**Q** 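Sending over a structure as structure tokens; questions will come in a sec.
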Amino acid sequence: MLQRLAVKSRGKSNSNISLSPNRSFSSSSSNIKHLKQLHAKLIRNGGMEDILTVGKLIADVAISNPLNLIYARSIFSKLTYPPNIFMWNSMIRGYAHSSAPKEAIFLYCEMLQKGFLPNNYTFPFVFKACNQLIDLNLGLCVHGTIIKFGFEDCDAFIQTSLVNFYASCGSIESARLLFDRCSQRDVTSWNALIKGYVRSGRYMDVICVFRVMQDRVDIKVDEITMLGVVLACSQLGALEMGRWVHAYIDKNRMKMSMNLGTALVDMYARCGSIDLAVNLFKRMREKDVRTWSAMIGGLAVHGLGKEALSFVADMQKDGIDPDSVMFTYILCACSHAGMVTEGLDFLDKMKEVYNVEPTIEHYGCIVDLLGRAGRLDEALNLINRIPMKPDVVVWGSLLVACRAHKNVEMGEAVAKEMLKLDPNHCGAHVSLSNVYASAGRWSQVDQVRNTMKDHGIKKPPGSSLIELHGVVYEFIAGDRSYPQTAKINLMLDEIARLLSIEGHVPTIKGISFDIDEEEKEQALSQHSEKLAIAFGLINTRQGVPIRIVKNLRVCEDCHSAMKLISKIFDRLIVIRDRSRFHHFKDGSCSCRDYW
DNA sequence: TTAGGGTTAG
């Protein structure tokens, strides 16, 4: 009956409304108007007694728009007969997708309390809510109910929901266990597993899972699989693998959606090949603010500030205005390129022209911008003036600037501010110790080190990734379990010899510990990027660029050494560190020693 | 006798 009414009404009003579950909700305001008319007719015609029709009405109202949930709830609670499971599920589903996912859980509990039995449709909706709430204990209880009602082994949707739930909560081992136990796995189950590995930062595992998927004749990878794989490549900085994945997408004639294109642009930029990123970006026909952001953010971290701003102008010509995230990239572009005036100008225009309220992240970029330019007092003034409580990140930007511009007093004060906010902040402890070390105040260095020891605060080890023939190798500072140990050590000696001929003196002041000079030099030569560059030089042909991804900022000594290595060995060396890219060529770096 | 799981930034 409802279907008939809908068709009739569509003819009359010429609106794009149907009661099909997969309809578009773009016209939700006219949609709800139409549903209300149907409701009125049902009341007038006695149709409210028809449980199937009313069920469809509740479902359609509940999923039309979260704002209509109150209306759906009122129909649901005023029924003159007990709701059926379809109605319960529809209400749970509506709340699970809304900004009040807890309501979905309350309804689910109420349903059980009143003696209604869930069915296989109920649980995916309940897990949707659990995912939103990121509540592991709650999910565990629901999982218990699934076992109790005997649904765990019989439904692919429930199994995927479970994998996805544990993956979303960061319990990747549980997700993997459940995935392995799934009786039915389709591409969505595999994608849930991939998402879990992405969520846990286990990017190598993403690539492994993808390789297994490729060998399975019963699984056809899709766009969502590729989004996870491309993201993994970009995090690993694995350009060769990323290019192969791009070719795979083309070869298999997979649809190059805007999302996938954006992910590839981002991947090329993050893998250090800004040229390939620009090339693909220019070939993309459809672009949204995220696509532009990937491109502009990429240019920013490569230090190409002028080019980034030129793309911003092009974007605006295309009718897209910068949003809040884009402004962080714009300010970051200005910061990395030393464009202080332009950056400050954008901060002013953000609110006045574009109506985007500056957030703590934007102010953090400005502190960085001023700090890098050596305008430390202005940066400090800004922190004291911003309309929100400065966080450790904002103070951290100033601390880095204090170190770079050798302002010991301010550095000490800033590190102390950070430790007030987060007494266990490792970076603040290390920086404070470095500040004291650079001033030769060893007793205070010891004091900081003892505090760190007492509180169990450890500096995360430096780690560098390098890709060779499609395989990613990881080097960790001081870890001697890397491949080709003997060869690498020989190469490190050779590098040290050639560097010293070129007049390189190791910059040992970055090391805070009160150890003798020789040991300091030894510690520097064991930095992860040094191990990776030695590995790269041994295993690649003359002239091939070497790309390295580092988890921390590159230190001063490694930076000056890399410049000379690029000259001595005539190689382009591209290093992505925690804050930007460094392209070392012919003895200089693209960051112009400004990082 | 209706519907369900995997996709978006700093």
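Keep in mind that this is a model prediction, so the values were computed, not measured.
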**Q** Any side-chain donor-acceptor pair under 3.5 Å between R372(A) and S335(A)?
**A** yes
**Q** Find out whether the Lys NZ or Arg CZ of K36(A) is both under 6.0 angstrom from the six-membered ring centre of Y71(A) and within 45° of the ring's axis.
**A** yes
**Q** Applying side chain to side chain contact (heavy atoms under 4.5 Å, CB included) between F281(A) and each of T291(A), L276(A), I296(A), L299(A), report the one that passes.
**A** T291(A)
**Q** Expressed in angstrom and rounded to an integer, what is the separation of H97(A) atom NE2 from dA3(B) atom P?
**A** 15 Å
**Q** Hey, does C334(A) have a side-chain heavy atom less than 4.5 Å from the side chain of V340(A)?
**A** no
**Q** Nearest whole angstrom, please: distance from the P of dG4(B) to the CD of Q159(A).
**A** 19 Å
**Q** Hey, mind stepping through N164(A) and T160(A) against side chain to side chain donor-acceptor pair (under 3.5 Å) and telling me if it holds?
**A** CA-CA 6 Å; N164(A) 184 48; T160(A) 303; over 6 Å; no
**Q** Does H246(A) have its ring centroid less than 6.0 Å away from the ring centroid of Y268(A)?
**A** yes
**Q** I63(A) has an atom CD1; how far is it from atom P of dT2(B), in whole Å?
**A** 15 Å
**Q** Roughly, in whole Å, what's the span from CZ in F151(A) to P in dG4(B)?
**A** 17 Å
**Q** Take atom CD of Q132(A) and atom P of dG5(B), then tell me their distance rounded to the nearest Å.
**A** 12 Å
**Q** Quick check: W88(A) with Y108(A) (ring centres under 6.0 Å apart)?
**A** no
**Q** How many whole angstroms separate atom CE of M295(A) from atom C1' of dG10(B)?
**A** 17 Å
**Q** Could you check how far CG of D391(A) sits from C1' of dG10(B), rounded to whole Å?
**A** 13 Å
**Q** Let's see if you get this right: which residues in residues 319-331 of chain A place a heavy atom under 4.0 Å from DNA chain B?
**A** D323(A), V325(A), T328(A), Y329(A)
**Q** Just checking H143(A) against Y166(A), ring centres under 6.0 Å apart?
**A** yes
**Q** Determine whether a donor-acceptor pair (one donor, one acceptor, N or O, separation below 3.5 Å) exists between the side chain of S161(A) and the base of dG5(B).
**A** no
**Q** Please check if the number of heavy atoms outside R578(A) that lie under 6.0 Å from its CZ is greater than 12.
**A** no
**Q** Please determine, for the side chain of T160(A), which listed nucleotide (dG5(B), dT8(B), dG10(B)) has the closest atom?
**A** dG5(B)
**Q** Any carboxylate oxygen within less than 4.0 angstrom of a Lys/Arg side-chain nitrogen, looking at R202(A) and E173(A)?
**A** yes
**Q** Any base atoms under 4.0 Å from D155(A), or only sugar-phosphate, or nothing? Heavy atoms, all strands.
**A** base
**Q** Looking only at heavy atoms, what is the nearest atom pair of M91(A) and L107(A), with distance?
**A** CB-CD1, 3.6 Å
**Q** Between P on dA9(B) and CD on E361(A), what's the gap in Å once rounded to a whole number?
**A** 13 Å
**Q** Could you check which residues of residues 285-293 of chain A get a heavy atom under 4.0 Å from DNA chain B? Sort them by number, please.
**A** R290(A), S293(A)
**Q** Name every residue in residues 179-205 of chain A that has at least one heavy atom under 4.0 Å from any atom of DNA chain B, in order of residue number, or write none if there are no such residues.
**A** D186(A), T188(A), S189(A), N191(A), K195(A)
**Q** Using the aromatic ring of F157(A) (for Trp, its six-membered ring), decide whether it stacks on the base of dG4(B) within the limits of 5.5 Å and 30°.
**A** yes
**Q** Does F86(A) lie flat on the base of dT2(B), that is, centres under 5.5 Å apart and planes under 30° off?
**A** yes
**Q** Would you say dT2(B) has OP1 or OP2 under 4.0 Å from some side-chain N or O of R93(A)?
**A** no
**Q** Do R181(A) and Q159(A) make a side-chain contact, defined as non-hydrogen atoms from C-beta onward lying under 4.5 Å apart?
**A** no
**Q** Residues of residues 209-239 of chain A with any non-hydrogen atom less than 4.0 angstrom from an atom of DNA chain B: list those, numerically ordered, please.
**A** D222(A), I224(A)
**Q** Just to be sure I understand the geometry, which residues of residues 162-177 of chain A put a non-hydrogen atom under 4.0 Å away from DNA chain B?
**A** N164(A)
**Q** Looking at residues at least two apart in the chain, or sitting in another chain, which of them share a salt bridge (charged side-chain N to carboxylate O under 4.0 Å, His left out) with D318(A)?
**A** none
**Q** Under 6.0 Å from the CG atom of N355(A), do we count more than 12 heavy atoms belonging to anything else shown?
**A** no
**Q** Is atom CD1 of I147(A) surrounded by more than 12 heavy atoms (other residues, nucleotides or ligands) closer than 6.0 Å?
**A** yes
**Q** Using ring centroids (six-membered ring only for Trp), state whether F157(A) and F123(A) fall under 6.0 Å.
**A** no
**Q** Have T122(A) and N89(A) got a donor and an acceptor in their side chains that come within less than 3.5 Å?
**A** yes
